[in-house]
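This one's a predicted model, so the numbers in the text were calculated from it and none came from an experiment. Chain letters run A, B, ... following the sequence lines, proteins first and then strands; every chain starts at 1. Note: hydrogens, waters and symmetry copies are ignored here, and every other heavy atom, side chains too, is used.
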Amino acid sequence: MPSTPDFLSLLNSSQRQAVQHYCGPLLVVAGAGSGKTRALTYRIANLVLTHRVAPENLLAVTFTNKAAREMKERIEKLFAERTAQEKYGKPLEELAKHEQTKLRSQVYKTITKDLWVGTFHSLCARILRFEIEKYQDSKGRRWQSTFSIFDESDVQSLIKEIVIHQLNLDERKFEPRSVRYAISNAKNQGWSPQDLEREQPNFRGRVIASVYSAYQDALAANNGLDFDDLILVLVQLLQQNEQVLAYWHQRFHHILVDEYQDTNRTQYDLIRLLTTNGTEPQAFKSWAEQNRSVFVVGDVDQSIYSFRAADFKILLDFQQDFGDRLPDDDTRTMVKLEENYRSTENILAAANHLIDNNTERIDKILKPTRPAGAPIQCQRADDEIREAEFVVDQIRSLEQQQELNWGNFAILYRTNAQSRPFEEVLVRWGVPYTVVGGLKFYDRREIKDVIAYLRLIINPADTVSLKRVINTPRRGIGKTTVDRLVQAAQELGVPLWEIIRDETSVKTLAGRSARPIVKFAQMIEDLQAQASSVSASALVQEVLQLSGYTQDLQDQSTDEAEERLANVQELYNAVLQFEEENLEATLNQFLESAALASDLDNLGEGQTAVSLMTLHSSKGLEFPVVFLVGLEQGLFPNFRSLDDPAALEEERRLCYVGITRAQEQLFMTHTRERRLYGSREPASPSCFLEELPKQLLIGNGAGAGQRKTKRAAAKQPFQPALAKASSAPTGDWQVGDRTIHPEFGPGQITHVFGKDDKICLAIKFPNQGQKIIDPRAIALQRVQ
DNA sequence: AGATGACTGTTTTTT
DNA sequence: ACAGTCATCT
């Protein structure tokens, strides 16, 4: 084996430095389009080839399932290519088809199959299927390895039930939505209900903690976990069980994390436990001695998930947390990838210029490697219909004039609701398109119904699923009957299923509905018996037959029912495909992948349709031509961030992400007027448009920024405050200083970002958690 | 038990 | 504007 694998010659020097890194911690600061995916895949290949690391000792965390799949594919290809050269002396392409397939399946068997590549959620779910029965939470709740993964709507209805019926809280004061959000946030901080109560000892915090606790009871009773639990439960298990921790620590010698700027506390805790085995940094055995590494890749400028408790300060602290605490000279534990291979110089200039308005950054500038390219076209339209017409006109004429196909175009927006006018105009012209996000396949009612049957078969404690299907299709089992049975189950402290399967109980409790219930229970038991002997796809077929679901849809014979039927068929196809891709796939594995699937996963490489998606979904993708639409104050940046400097910076990062998706051409549009909740509202151009260099812009909206600035600025609560306070001394703030905030009360400074006119403070408030505050915008009182 | 119609709040982003 | 929820009616 050569000491320097050939693929290294394809890299620039920083990339090579990252790829060749062997042990210890390394932070790769990777700007947009700088080849970070390549760095990640090559490093994995290099570890296996040069350092003889066994694939099963590698753990790579990606942000989406799609990214995981692509990474595995790229690694597979890399190895197949090498073997082709070594064995046959020619490139993989030139081999006969069957030789290629043979090579690839060989690589799959020996390497990629054993790699642990996936999202935090899928990897944790996989580990929990082995380990969860060793877990017990602080209140003694337990789960079994057949646990269901509850989706967001399951969770919402559970919380709602608890808030309104179980704890009889005022629905207006404790909206299930916001309570759900608070609980999710707590879980992402690594807090149990007791921790939450300790962290937020005010009335609201205590009430939410009690909902949280009751919610965990409900989850345990259903043998179910929510998304956040997949990570939190594993972290808590590793914290409480030394043997389990030792095993998994021992297992993963090299841990790689992509999009590290978007990790939350709990995810960080997991990485930390796995890499350090729970010891303090001072007590690490030297990394080299153990041949271990933690390798994270990220870009603070692309941190756009703080609403789901991601915290880019985790990335900023990486070197201090995992480093050797020696003075850093930028080479020891950090590598910067700044050369951009994706976009034209003009696009990069715009991106660099925009992001320079942010204070919370690691200084970094994207260096162009490509020619200037076309200017950025900034267009104003009368309303959202005209905006859509403009965009689609451009797409159609570009597709005609240049050698572009529909798949080369993307329309990116801030909110999912903005897709509609674009869809209408695209349909009108017969342009093929795909909308990513919005209503997902697995969120459709008929799909959720079938999935609920499957969940119930595997996990009979899953009362949420049981209640969903007991009368779907109609079997004459009414709500009152079900309620009575639920009541009985609660009194006995057993899952609803235990009542339903017991004929005597049903007969005494259910009266005239007893007959259909007993029949239903027998059907489920029959399916359960088949589950162990029959393939997943065959079982789906059985469910559709025995439950009468297909029959019911056929009997309706409406257009809607027909579409549902087609979707159900599609689900069956998905199971078949899953079985093909994963030999010996179990039904449970399929359910897991369905629960964690996202819409993005289907967006293929050879896309032949225009892509429509939110800016959030577009992270990690690239398109020759990008349309950034709806650049209006209040929409983008979203109105909820206008009076919060930290939130506004996140919106700006989102805009930066959007701009850097474009390879050749970028269009930015805004409207004069927009429909909102049905009524027309005047709209003014986004402040981000003003922040772009004027000389790079063309189009009728290019100058729109400045004209309205004066009027618009006076209306925004944030800017006058900034102006007023800027005359006051900002003072020298330091970490540890105590202060009083007019709204949030007393707090302590935990971070200082930037200095002078770019200063920003992270302040921890006992009851509000941590906030980023601009001391020039808000009068902070000093406390000695 | 199930259908019909008024009413409400909803829009930020997602694994 | 509109989907989802709730109360009331058959």
Checklist entry - Crowded around R444(A) CZ? As in, over 12 foreign heavy atoms under 6.0 Å? => result yes
Item to check | Whole-Å distance separating the NZ atom of K619(A) from the C1' atom of dT13(B) | outcome: 11 Å
Item to check | N-O pairing of E424(A) and R428(A) below 4.0 Å | outcome: no
Item to check | Rounded distance in Å - CG (D229(A)) to C1' (dT15(B)) | outcome: 13 Å
Checklist entry - Does S617(A) have a side-chain nitrogen or oxygen under 4.0 Å from the phosphate oxygens OP1 or OP2 of dT13(B)? => result no
Next on the checklist: What's the closest nucleotide to the side chain of H121(A) if the choices are dT14(B), dT15(B), dT11(B)?
Outcome noted: dT15(B)
Item to check | Rounded interatomic separation in angstrom, taking CZ from R675(A) and C1' from dT11(B) | outcome: 16 Å
Item to check | Under 5.5 Å and under 30°: F307(A) stacked on dT13(B) | outcome: yes
Checklist entry - Without hydrogens or angle criteria, can the side chains of T614(A) and N416(A) be said to hold a donor-acceptor pair below 3.5 Å? => result no
Next on the checklist: Just to be sure I understand the rule, does F63(A) reach a base, reach only the sugar-phosphate, or reach nothing, if contact means heavy atoms closer than 4.0 Å?
Outcome noted: sugar-phosphate
Checklist entry - Are F688(A) and F636(A) close enough that their ring centers fall under 6.0 Å? => result yes
Checklist entry - Is the shortest side-chain N/O distance from N264(A) to OP1 or OP2 of dT15(B) below 4.0 Å? => result no
Item to check | Any R177(A) side-chain N or O less than 4.0 Å from OP1/OP2 of dT11(B) | outcome: yes
Checklist entry - With respect to the side chain of F227(A), which nucleotide from dT13(B), dT10(B), dT15(B) is positioned closest? => result dT15(B)
Next on the checklist: Determine whether R129(A) and E592(A) satisfy the following criterion, salt bridge (Lys or Arg N to Asp or Glu O under 4.0 Å), listing intermediate values before the conclusion.
Outcome noted: CA-CA 10 Å; R129(A) 294 281 177 208; E592(A) 193 169 296; 2.7 Å; yes
Checklist entry - Using a distance-only test with no angle check, is there a side-chain donor-acceptor pair under 3.5 angstrom linking S148(A) and N223(A)? => result no
Checklist entry - Between T614(A) and dT14(B), is there a side-chain N or O to OP1/OP2 distance below 4.0 Å? => result yes
Next on the checklist: Under 4.0 Å, heavy atom to any atom of DNA chain B: which of residues 415-427 of chain A qualify?
Outcome noted: T415(A), N416(A)
Checklist entry - Which nucleotide span of DNA chain C, 5' end to 3' end, has atoms closer than 4.0 Å to non-hydrogen atoms of chain A? => result dA1(C) to dC6(C)
Checklist entry - Is the ring centre of H616(A) less than 6.0 Å from the ring centre of Y305(A)? => result yes
Next on the checklist: If the threshold is 4.0 Å, N to carboxylate O, is there a salt bridge linking R564(A) and D449(A)?
Outcome noted: no
Checklist entry - What interatomic distance, in whole Å, is found between C1' of dC6(C) and the corresponding atom of dT11(B)? => result 23 Å
Next on the checklist: Looking at R420(A) and E423(A), is any side-chain nitrogen of the basic one under 4.0 Å from a carboxylate oxygen of the acidic one?
Outcome noted: no
Checklist entry - Pick the nucleotide of DNA chain B nearest each of L654(A) and T481(A); which residue has the one closer to the 5' end? => result T481(A)
Checklist outcome for this item: To the nearest angstrom, the NZ-P distance between K187(A) and dT14(B) comes to 21 Å
Checklist entry - Salt bridge check: are R672(A) and D382(A) linked by an N-O gap of less than 4.0 Å? => result yes
Next on the checklist: Which residue in the set L232(A), L238(A), I231(A) passes side-chain contact (heavy atoms from CB on, under 4.5 Å) when paired with L234(A)?
Outcome noted: L238(A)
Item to check | Distance in angstrom units between H616(A) NE2 and dT11(B) C1', rounded | outcome: 13 Å
Checklist entry - Which one, dT15(B), dT13(B), dA3(B), comes nearest to the side chain of R474(A)? => result dA3(B)
Checklist entry - Reckon F636(A) touches a base, only the sugar-phosphate, or nothing at all at heavy-atom distances under 4.0 Å? => result nothing
Checklist entry - NA contact type, T480(A), heavy-atom cut-off 4.0 Å: base, sugar-phosphate, or nothing? => result sugar-phosphate
Checklist entry - If each of N471(A) and N65(A) is mapped to the nucleotide of DNA chain B with the nearest heavy atom, which maps nearer the 5' terminus, i.e. the 5' end? => result N471(A)
Item to check | Between P of dT14(B) and CG of L412(A), the distance in whole Å | outcome: 12 Å
Checklist entry - To the nearest angstrom, how far is N188(A) atom CG from dT15(B) atom P? => result 14 Å
Checklist entry - Base, sugar-phosphate alone, or nothing: which one does E175(A) contact when heavy atoms must sit under 4.0 Å apart? => result sugar-phosphate
Next on the checklist: Distance check needed: dT13(B) C1' versus L648(A) CG, whole Å only.
Outcome noted: 15 Å
Next on the checklist: Considering every strand and a 4.0 Å limit on heavy-atom distances, what is the contact class for D226(A): base, sugar-phosphate, or nothing?
Outcome noted: nothing
